[in-house]
2 protein chains.
Amino acid sequence: MPTINDVARAAGVSPSTVSYVLSGRRPISAETRARVQAAIAELGFHPHAGARALASSKTNVLALVAPLRVDVNVPVIMQFATAVVTAARAHNHDVLLLTKDEGTAGLERVAHSTMVDALILMDLERDDLRIPALRRLKQPSVLIGLPADHTGIACVDLDFAAAAREALGHLAAHGHRRIGLVGPSPAVYKRQTTYADRFLSGFLEASAELELRTVTHPCEPGAAGVRDCLADIDAQLPGVTALVVHNEEALRPLLDLLRASGRRVPEDVSIVTICPRDVATSMPVTLTSIDIPAHDVGTLAVETAMRLLDGRRVEYTRLLAPSLVERGSCREISPSHR
Amino acid sequence: MPTINDVARAAGVSPSTVSYVLSGRRPISAETRARVQAAIAELGFHPHAGARALASSKTNVLALVAPLRVDVNVPVIMQFATAVVTAARAHNHDVLLLTKDEGTAGLERVAHSTMVDALILMDLERDDLRIPALRRLKQPSVLIGLPADHTGIACVDLDFAAAAREALGHLAAHGHRRIGLVGPSPAVYKRQTTYADRFLSGFLEASAELELRTVTHPCEPGAAGVRDCLADIDAQLPGVTALVVHNEEALRPLLDLLRASGRRVPEDVSIVTICPRDVATSMPVTLTSIDIPAHDVGTLAVETAMRLLDGRRVEYTRLLAPSLVERGSCREISPSHR
DNA sequence: CGGCACTGTCGAAGCGCTTCGACGACCGTG
DNA sequence: CACGGTCGTCGAAGCGCTTCGACAGTGCCG
């Protein structure tokens, strides 16, 4: 493995000159630069990451703290991860993968030992214990999510409250007045994952503003959970004409159930869902949906981290505007039925 | 950020002594050790990873090269990743996440710049271009998969050929004689992902040995693909009584299709599938299946990497034995129907 | 009781890079 | 023509750790 000294010798310059060719931090004549680059190419020189980190106190590595549970939402998590890795590479950074399970200790380990320049966390809880730990680190961090007290920490996410408003607005504009929310599983609420709460409060707010009759219900996973949830909604809100579904895994059983009980989508029940685009399009009925823009969020998180590292200004709370795509699962209700 | 010198001063010893306390490579008196540890705890000292890597030529980081495509098999990939990260942490290593997209260049980048001690790759193709590149690296690598020429590189995977044999054996033992294989999508075959081929040849082999009438078919994603595939199988093998399904995403539409056409599982058609356990159990009919032991494979891959790093002997090809779990989607055929 | 093998600790070198200050060469300016 | 300012390059220090050789002290053997 050749070192910078080998390169310097081969090019007939000093090691520092090679370093400056590499970093561009000082002017180097075109001629010298060419000789150095030739030597680098010929020897196949790659700077030693550890040495570099030691000398420059920069690792060019980002930590990505992901929930590696094997349950729901795996595809979404994967999309975030993909976006983060891709964006990081575009900024010449690599990604160290940590699990949420390691908790605070994991963050401190990689931060204190200077393995990473910044951290990106997903799956934040409302009063996440990791937040105070993050504040103590010298490395900046970016959250994908919006915990309760996030002062001084950059947050990026879809604006779930706006998404709920948009979903209800869309249904209301089509004449729906009685609308049920099929929410995430109780486990998600219990974990206080913030997007669930934010969506719910947006929903309730919009419901009041638009003077709708709505009812909201968490939904246990599995066909049985969906059956119970739907039964509850029907019982509490007879004549419901539309459902907002904020629960990917419930979608399929829900559609099965509706079909089995002879309720057609959208003729008898309209549906607007919030989920990744490909989930919405892969259902037996393609669904009008609000996309979870995992790619954009992940990319933005990385970009925010880069800005922080460069000492540039950042907006500390960036909630991406939702965008609803019509796919025909929402039907106009004629005034007589309202 | 305190350094080893700060600790040394606080404990009244030399830096090298602190280092030896940390590494245990030389005997240190209990008394001194206690003093040093107290100082470490008090100052909150964490060794600088870069400095360590530079001095010791060890990074305690593993590269995990994952296919970050957002299509099928995402849950399986996630399970592998989870297992790898967890196992790596158990051996005091961290995981750097690379995408398959970076190809050979990515491997060389992290290896040449000494960011990692070893590499673990998933989703290998039959004549994977990365294999020759891996051979040139000074770091050892472990493959999850079994490409054509893997001499000198450790490989870990499920024994897909044996899995196919086991699936067919199970069906044959229940009296089935006419059996169709619903294979992965043509895209998977085209990519020459090795597990598809291995499963297929095991299937054909066992079919011949057991003197079965079988037909095999790739299966395009989506309901339409499944319909075509099933139609082809029915046409080529009238009176088929059982299906082996090696295609997770086809399972759901396949079951829907069978139900819609009045063929009950297992009364009219028996099914054995190979997929992650949770997929098999989350179907409307719980399916007799052969698990893809992502957790075991991932853990074994890490363990193999550790052995290689320690200079211990390893088996260069480890194919895990499949295990079939009965869940009632395979029915005994009475001799009269055979 | 001299010599030897440990045991426990230290000092210094060195890992490969970045960065700062220095300095000669060269330019334009007054 | 002398002077200040750039430009291009070099040398050396230093980042924080590991590791090797050295060495004082101790216990044991012959």
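A, B, ... follow the sequence lines: proteins, then strands. Residue 1 opens every chain.
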- prompt: According to a strict under-4.0 Å criterion, is B:Ser19 in side-chain N/O contact with OP1 or OP2 of D:dT18?
  reply: yes
message: With a 4.0 Å cut-off on N to O distance, would you call A:Asp101 and B:Arg89 a salt bridge?
response: no
query: Starting at CG of A:Leu22 and ending at P of C:dT19, how long is that distance when rounded to a whole Å?
result: 12 Å
Contact nearer the 5' end of DNA chain D, comparing A:Ser16 with B:Ala51: A:Ser16
query: Do the side chain of B:Arg26 and the base of D:dG21 come within less than 3.5 angstrom through a donor-acceptor pair of N or O atoms?
result: yes
- request: Write down the distance between CD1 (B:Ile40) and P (D:dG16), rounded to a whole number of angstrom.
  value: 16 Å
Interatomic distance where CD1 belongs to A:Ile28 and P belongs to D:dT6 [whole Å]: 18 Å
query: Just how far, in rounded Å, is P of D:dG11 from CZ of A:Arg9?
result: 13 Å
- prompt: Can you tell me how far P of C:dG11 sits from CG of B:Asn5, to the nearest Å?
  reply: 12 Å
field: Nearest-0.5 Å distance, CZ of residue A:Phe45 to CG of residue A:Leu22
entry: 6.0 Å
Short side-chain N/O contact to C:dC10 OP1/OP2 from B:Thr17, under 4.0 Å: yes
- request: Remember a base hit wins even if backbone is also touched, and classify A:Pro47 as base, sugar-phosphate or nothing at under 4.0 Å, heavy atoms.
  value: sugar-phosphate
message: Please determine whether a side-chain nitrogen of the Lys or Arg among A:Asp6 and A:Arg9 lies less than 4.0 Å from a carboxylate oxygen of the Asp or Glu.
response: yes
- prompt: Taking atom P of D:dG14 as reference, at what distance in whole Å does atom CG of B:Leu54 sit?
  reply: 17 Å
task: Look at A:Ser14 and D:dC10 and indicate whether a side-chain polar atom (N or O) is within less than 4.0 Å of OP1 or OP2.
output: yes
query: Below 4.0 angstrom from OP1 or OP2 of D:dT18, is there any side-chain N or O of B:Arg52?
result: yes
message: When you measure from the side-chain N and O atoms of A:Arg25 to the phosphate of C:dT19, is any distance below 4.0 Å, counting only OP1 and OP2?
response: yes
message: Between B:Thr32 and B:Ala55, which residue's closest nucleotide on DNA chain C lies nearer the 5′ terminus?
response: B:Thr32
field: Ion pair check, A:Glu108 and A:Arg130, cut-off under 4.0 Å
entry: no
Base of D:dC20 paired with side chain of B:Tyr20 (donor-acceptor, under 3.5 Å): yes
statement: Rounded to whole Å, the NE2-C1' distance (B:His48 to C:dC15) equals 14 Å
message: Expressed as a whole number of angstroms, how long is the span from B:Phe45:CZ to D:dT18:C1'?
response: 12 Å
task: Assess whether one donor atom and one acceptor atom, taken from the side chain of B:Ser29 and the base of C:dG8, lie less than 3.5 Å apart.
output: no
query: Is there a donor in the side chain of B:Ser16 and an acceptor in the side chain of B:Ser19, or the other way round, less than 3.5 Å apart?
result: no
